[in-house]
Protein chains: 2
Amino acid sequence: MSIKGRPNSLDIAMRAGVSQATVSRALRGSPLVNKATREKIEQIAREVGYKVDKSASNLRTQRSNTLALLLFEDPTDDQSLINPFFLSLLASITRATAAVEQDLLVSFQQLSDDWQADYENTHKADGLILLGYGDYVAYRSKLERLTAGGAHFVRWGAARADQPGLAIGCDNIGGGCDVTAHLISQGCERIAFIGEASSRYPEFNDRYRGYRKALEAAGLSVDPNLQIDAISTERSGLEATRELIQRGASFDAVFGASDLIAIGAIQALFDAGMSVPAEVAVAGFDDIPMAQYCRPTLTTLRQDTMGAGKVLVDSLLRLIAGETVESHTIPGQLIVRASCGAGKS
Amino acid sequence: MSIKGRPNSLDIAMRAGVSQATVSRALRGSPLVNKATREKIEQIAREVGYKVDKSASNLRTQRSNTLALLLFEDPTDDQSLINPFFLSLLASITRATAAVEQDLLVSFQQLSDDWQADYENTHKADGLILLGYGDYVAYRSKLERLTAGGAHFVRWGAARADQPGLAIGCDNIGGGCDVTAHLISQGCERIAFIGEASSRYPEFNDRYRGYRKALEAAGLSVDPNLQIDAISTERSGLEATRELIQRGASFDAVFGASDLIAIGAIQALFDAGMSVPAEVAVAGFDDIPMAQYCRPTLTTLRQDTMGAGKVLVDSLLRLIAGETVESHTIPGQLIVRASCGAGKS
DNA sequence: CTGAAAGCGCTTACAG
DNA sequence: CTGAAAGCGCTTACAG
């Protein structure tokens with residue numbers, strides 16, 4: 001209003017006949033302010049479209065009220081193909097962030113070497129949310145640099161004693177177990193696991209542990225020949241499955257450590273003239289949107305992305321507030337579709 | 001450094017033996033500063049991990065150096081299923097924004113009524129990027145409120161004389177024409193168009209215009225019975241196609257105004273016992289990742305999301321800088337896959 | 001090429 | 001319950 005473009009708190013104060021300090025207090029919901037005074041101020045602010053200037057407020061309070069979302073993924077050939085699972089997570093994090101009146105800075109650079117950009121962001125945000133199926137070992141040193149600088153962060157992934165920081169993740173062990181048990185219930189006995197089961201990929205590793213657990217519970221043996229490394233892309237899943245076929249090992253099911261891997265596996269099986277699920281059952285993990293559109297539709301473990309976003313944001317905020325926060329696991333849900341031949345047993 | 005957590009420009013100044021103003025100038029790359037002085041300052045800044053405080057800088061310059069990305073979409077039942085096409089665009093916008101050293105505030109609320117949140121964001125950003133296949137007429141009044149407040153924005157979509165503001169979009173008319181011409185070249189003569197072709201959905205409308213253009217160019221008649229409204233979801237595409245089948249109109253191809261619509265159409269045709277592409281050819285628009293995983297793989301028009309992000313960000317920045325910017329159209333590319341029976345003619 | 005000084009718009013002890 | 005005042009960390013005319 002007045003001559004300048006946007007009104008400031010002093011403009012509101014003059015209109016309301018109070019001091020600028022009172023305007024600030026009223027609009028922050030301070031209990032000190034008289035109710036009538038507050039209402040008058042709020043009304044005037046609404047009328048003239050006044051909004052507290054974030055830069056000034058942030059400067060004064062030394063808080064940015066901003067969270068940053070960083071993605072770490074192995075770089076892929078197909079430039080922009082960010083794992084759809086993380087995009088779902090993005091949607092729910094966006095919502096959860098808005099619900100607590102924080103801003104969200106998004107850096108989906110997918111350039112693992114462009115760490116500088118991420119580093120910059122850590123200076124703009126009060127805390128970080130880290131997403132990724134990327135090589136965690138490679139990422140870790142970078143993370144430690146941040147932690148040394150006192151950055152607050154939560155990571156979506158597997159909570160492990162040997163990993164720094166707070167992790168919120170799906171129950172990967174339980175999920176891996178559920179998927180495998182389902183395949184076994186369909187009559188499968190020689191189930192391949194496609195995905196790198198090492199400390200570099202803690203989530204895949206946990207899914208693999210669940211897989212072993214289910215096999216052992218059913219009295220089936222764990223054949224190391226039936227596990228092949230892959231990262232979370234369709235191409236990697238395809239190539240790994242091709243290698244599995246070339247090995248000549250016999251198998252009647254494939255458990256892809258992620259849906260993208262499983263979709264690649266279906267392609268490889270199809271290319272090799274094997275039918276899914278008649279000859280080989282296939283299951284994945286994540287329940288990305290594609291899982292219900294690919295043919296055959298994909299049996300998978302649905303991660304609770306909505307719940308995840310909320311827990312990630314809430315945990316981070318409590319961490320920033322100086323509370324002690326524990327790593328936490330969110331249960332998933334088995335979604336049975338055509339690829340594992342439900343009813344075939 | 002020192003006693004406080006993070007160093008400020010004065011700390012750097014003292015270390016470098018210069019004034020605080022010189023530190024500020026040096027770090028902004030002012031040509032006034034002596035080269036040796038600048039290098040010394042930069043070195044010290046690097047050593048102590050000093051970063052210019054954004055809040056202070058933004059407050060002083062009255063610029064936020066932040067762009068906001070807002071999504072408007074018709075709310076869907078399946079909660080978090082944001083159109084994958086916009087997620088690709090998000091990735092490229094993220095990259096383009098970082099390249100020009102701006103921050104990106106993302107609001108993927110997908111709650112068309114939660115306009116308040118979007119409104120807030122307009123106060124935090126220097127400009128807005130708007131994405132959506134949503135009902136543009138419903139959205140428009142909200143937009144006009146913003147424009148009245150002097151907000152800068154660019155919209156991804158169709159540029160129309162009757163629509164306010166700047167639009168950057170795919171060449172929807174040309175794309176619609178290319179897809180239809182390709183179907184015709186495959187021997188199709190009765191091509192249905194699924195998608196609302198009205199001013200509420202300007203992009204679909206343009207694709208429909210391209211469709212008509214191609215039909216007319218080939219001497220084929222435009223049968224209004226072969227057009228059915230749908231919004232950009234798989235479900236809507238499925239239902240519309242079901243209705244088309246029930247109408248009893250004969251058709252040998254379906255052109256979905258978006259890939260999601262086309263994927264829904266394939267499902268409906270499949271449910272009705274019709275084979276794709278043998279009996280009915282299907283094509284979509286966008287080239288979302290799913291297009292190459294669904295069966296049959298989907299012929300579609302690929303939008304150049306990488307280019308789009310760059311153009312959107314650059315245009316917005318120029319708009320903010322007060323330059324005159326024209327609406328602009330980016331060509332797409334026909335991607336031929338199995339769903340239209342390439343080679344069947 | 002550099003410094004001293006003002007001021008961006010808030011928030012919050014301090015005093016009443 | 002309210003006001004006057006200081007100060008968050010920068011940027012940039014102004015003066016030299």
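To find a chain, count down the sequence lines: A is the first, B the second, and so on, and within it residues start at 1.
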*Asks:* If we take the P atom in both D:dC14 and D:dC10, what is their distance in whole Å?
*Replies:*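 24 Å, rounded to whole Å.
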*Asks:* At under 4.0 Å, does any side-chain N or O of B:S9 touch on OP1 or OP2 of D:dC10?
*Replies:* yes
*Asks:* Find the distance A:K54:NZ to D:dC8:C1' and express it as a whole number of Å.
*Replies:* 16 Å
*Asks:* Between A:L70 and A:L128, what is the shortest heavy-atom contact and its length?
*Replies:* CD1-CD1, 4.2 Å
*Asks:* Would you indicate which nucleotide in C:dC14, C:dC8, C:dC1 comes nearest to any side-chain atom of B:L32?
*Replies:* C:dC1
*Asks:* For B:N58 and D:dC8, give me the distance from atom CG to atom C1', rounded to whole Å.
*Replies:*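 Between C1' of D:dC8 and CG of B:N58: 14 Å.
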*Asks:* Could you state the atom-to-atom distance from CG of B:D11 to P of D:dC8 in whole Å?
*Replies:* 12 Å
*Asks:* Side chain of A:N8: nearest nucleotide among D:dC10, C:dG9, C:dT11?
*Replies:*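 So the nucleotide nearest the side chain must be C:dG9.
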*Asks:* In whole angstrom, what separates B:K124's NZ from C:dC10's C1'?
*Replies:*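 After rounding, the gap between these two atoms is 16 Å.
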*Asks:* Just N and O in the side chain of B:T61: are any of them under 4.0 Å from OP1 or OP2 of D:dC10?
*Replies:* no
*Asks:* Considering only D:dG3, D:dG9, C:dT2, which nucleotide approaches the side chain of B:D53 most closely?
*Replies:* D:dG9
*Asks:* C:dA13 pairs with which nucleotide, Watson-Crick or G-U wobble, both distances below 3.5 Å?
*Replies:*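 C:dA13 is paired with nothing.
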*Asks:* In the strands shown, is C:dA4 matched to any nucleotide by a Watson-Crick or G-U wobble pair with both distances under 3.5 Å, and which?
*Replies:*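 Base-paired to nothing in any strand shown.
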*Asks:* Does B:S57 place a side-chain N or O at less than 4.0 Å from the phosphate oxygens OP1/OP2 of D:dC10?
*Replies:* no
*Asks:* Which nucleotide wins on minimum distance to the side chain of A:A21, given the candidates C:dA5, D:dC14, C:dT12?
*Replies:* C:dT12
*Asks:* Can you find a pair of side-chain heavy atoms, one from A:M306 and one from A:S88, that are under 4.5 Å apart?
*Replies:*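 They are not in side-chain contact.
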*Asks:* Of the candidate nucleotides C:dG3, D:dG3, D:dC1, which contains the atom at the shortest distance from the side chain of A:V18?
*Replies:*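 Nearest to the side-chain atoms of A:V18, counting from C-beta on, is D:dG3.
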*Asks:* Using a 4.0 Å heavy-atom cut-off, does A:R28 contact any base of the nucleic acid, only the sugar-phosphate backbone, or nothing at all?
*Replies:*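 Sugar-phosphate, no base atom in range.
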*Asks:* Please examine the side chains of A:N8 and A:D53, heavy atoms only from C-beta on, and report whether any two atoms are closer than 4.5 Å.
*Replies:*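 A side-chain contact is absent here, since even the closest heavy-atom pair is not under 4.5 Å.
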*Asks:* Before giving the answer on salt bridge (Lys or Arg N to Asp or Glu O under 4.0 Å), spell out for A:R6 and A:D11 the whole-Å C-alpha distance, their side-chain angles and the decisive distance to 0.1 Å.
*Replies:* CA-CA 10 Å; A:R6 268 167 53 183; A:D11 294 317; over 6 Å; no
*Asks:* How far does the P atom of D:dC1 sit from the matching atom of D:dA5, given to the nearest Å?
*Replies:* 24 Å
*Asks:* Ignoring the backbone of B:V52, work out which of C:dA5, D:dC10, C:dT2 is nearest its side chain.
*Replies:*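 So the nucleotide nearest the side chain must be D:dC10.
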*Asks:* Assuming nearest nucleotide by heavy-atom distance, tell me which of B:A56 and A:V23 is located more 5' along DNA chain C.
*Replies:*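 The 5'-side residue here is B:A56.
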*Asks:* Tell me whether the OP1 or OP2 atom of C:dG9 has a side-chain N or O from B:Q62 closer than 4.0 Å.
*Replies:*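 True: B:Q62 side-chain N/O within range (under 4.0 Å) of C:dG9 OP1/OP2.
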*Asks:* So B:W156 and B:I330, do their side chains get closer than 4.5 Å, heavy atoms only?
*Replies:*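 A side-chain contact exists here, since the closest heavy-atom pair is under 4.5 Å.
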*Asks:* Below 3.5 Å, does any donor atom in the side chain of B:R6 face an acceptor in the base of D:dG9, or the other way round?
*Replies:*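 No, no donor-acceptor pair under 3.5 Å.
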*Asks:* Ignoring the backbone of B:T37, work out which of C:dT2, C:dT11, D:dT11 is nearest its side chain.
*Replies:* C:dT2
*Asks:* Atom CD of B:Q20 to atom P of C:dG7: distance rounded to whole Å?
*Replies:* 16 Å
*Asks:* Counting only heavy atoms from other residues, nucleotides and ligands, does the tally under 6.0 Å from NZ of B:K310 exceed 12?
*Replies:*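 Counting other residues, nucleotides and ligands, NZ of B:K310 stays at 12 neighbours or fewer.
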*Asks:* Whole Å only: how far is the NZ atom of B:K51 from the C1' atom of D:dC8?
*Replies:* 21 Å
*Asks:* Starting at CG of A:L59 and ending at P of C:dC8, how long is that distance when rounded to a whole Å?
*Replies:* 13 Å
*Asks:* Side chain of B:N34 only, please: which of C:dC10, C:dT12, C:dT2 is the nearest?
*Replies:* C:dT2
*Asks:* So B:S24, base contact, sugar-phosphate only, or nothing? Heavy-atom distance under 4.0 Å.
*Replies:* base
*Asks:* Categorize A:S55 for me: base, sugar-phosphate, or nothing, with a 4.0 angstrom heavy-atom threshold over every strand shown.
*Replies:* nothing
*Asks:* Quick one: are A:I41 and A:V18 in side-chain contact, heavy atoms under 4.5 Å?
*Replies:*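 A side-chain contact exists here, since the closest heavy-atom pair is under 4.5 Å.
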*Asks:* Could you state the NZ-C1' distance from B:K35 to C:dT2, rounded to the nearest angstrom?
*Replies:* 19 Å
